[in-house]
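Structure first, commentary second.
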Amino acid sequence: MKRIHFSLVLPKWQEWLVYATVALLTLTGIAWLLLDRFGRVEGEFGPEQNPALPWLLSGHGVLAYTFLVVASMLLPVHTRLGWNAERNRKSGLLLLSTGAFLAASGLGLYYLSAEALRALTATAHWLIGVGLPVVLLVHVVRGKREGP
């Protein structure tokens, strides 16, 4: 029986899809946060939320679903082979758990109605979300240092 060899190195299109999705998620999240905190506009009856906020939030939500699909594409080969080869496990687990937390807290922000819990979830979501690119960068650098 012929053995098929799989590499832990992602195809370039897949690698750039991960980078693009994380970058766009981060940018829309930061833009939303900044406009929410500092982007009030003068309305007919005084200051009101920036009209771009709902659009940014919708785009961020669509990108979140896209990220979940992109991350799921990595599970059958890249993640499984990396785990079995005992390579880059710590940063991989951190990346997976960060993504899972962001997905769960994003759902929480959509569904939670208790204001105190929602505020806590929102703060944790954006703090950890801003760190996602750093976690991804650490995983990539460590992986490239270990070789293919």
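Since the model is a prediction, treat every value here as computed from it, not as a measurement.
Residue Thr26 comes nearest to Gly129 through the heavy atom pair OG1-O, 4.4 Å, listed as atom of the first residue, atom of the second, then distance. Here the shortest heavy-atom pairing between Thr28 and Leu25 reads OG1-O, 3.1 Å. Taking all atoms of both residues into account, the shortest heavy-atom contact from Ser72 to Pro76 is O-CD, 3.3 Å. Between Ser105 and His125 the shortest heavy-atom distance is OG-ND1, 2.6 Å.
With His78 as the fixed residue, the side chain to side chain contact (heavy atoms under 4.5 Å, CB included) test singles out one of Val18, Leu10, Val9: Leu10. Evaluated for a side chain to side chain contact (heavy atoms under 4.5 Å, CB included) with Leu63, the options Leu27, Val70, Leu24 yield exactly one hit, Leu24.
Remark: Leu93 engages Trp83 in a side chain to side chain contact (heavy atoms under 4.5 Å, CB included) (not counting sequence neighbours). Residues passing the ring-ring contact (aromatic ring centres under 6.0 Å, His included) test with Trp16, sequence neighbours excluded: Tyr19. Residues satisfying the side chain to side chain contact (heavy atoms under 4.5 Å, CB included) criterion with Pro47, sequence neighbours excluded, are Arg40, Glu42. Remark: Lys90 engages no residue in a side-chain hydrogen bond (donor to acceptor under 3.5 Å, both in side chains) (not counting sequence neighbours).
Atom CZ of Arg142 sits about 10.0 Å away from atom CG of Leu94, to the nearest 0.5 Å. With rounding to the nearest 0.5 Å, the separation of CG in Leu57 from CG in Leu35 is 11.5 Å. Between atom CZ of residue Arg89 and atom NE2 of residue His139 there is a gap of 12.5 Å, rounded to the nearest 0.5 Å. Atom-to-atom distance recorded for Asn88:CG and Ser91:OG is 3.0 Å, nearest 0.5 angstrom. Rounding to the nearest 0.5 angstrom, the gap separating the CG atom in Leu107 from the OG1 atom in Thr121 is 11.5 Å. The distance from the CG atom of Asn50 to the CZ atom of Arg37 is 14.5 Å, given to the nearest 0.5 Å.
Put simply, Leu56 and Leu109 are part of two different groups of oily side chains (I, L, V, M, F, W, Y) that touch within less than 4.5 Å, one to the next. The hydrophobic clustering, which links ILVMFWY residues whose side-chain heavy atoms are closer than 4.5 Å, places Leu8 and Leu96 apart. Hydrophobic clustering of Ile, Leu, Val, Met, Phe, Trp and Tyr side chains at less than 4.5 Å, counting indirect connections, keeps Tyr111 apart from Leu102. Both Val140 and Leu95 belong to a single network of hydrophobic side chains, linked directly or stepwise wherever heavy atoms of I, L, V, M, F, W or Y lie under 4.5 Å apart. Note on Val69: it does not cluster hydrophobically with Leu132, by side-chain heavy-atom contacts below 4.5 Å among ILVMFWY residues.
Applying the ring pair (Phe, Tyr, Trp, His ring centres under 6.0 Å) test to residues at least two apart or on different chains, none of the pairs has a partner in residues 35-72.
If you chain together ILVMFWY residues whose side-chain heavy atoms come under 4.5 Å of each other, Leu120 ends up in a group of its own.
Residues Gln14 and Leu74 are in side-chain contact: their nearest non-hydrogen atoms beyond the backbone lie under 4.5 Å apart.
A salt bridge between Glu115 and Arg118 is absent, with no side-chain N of the basic residue lying under 4.0 Å from a carboxylate O of the acidic one.
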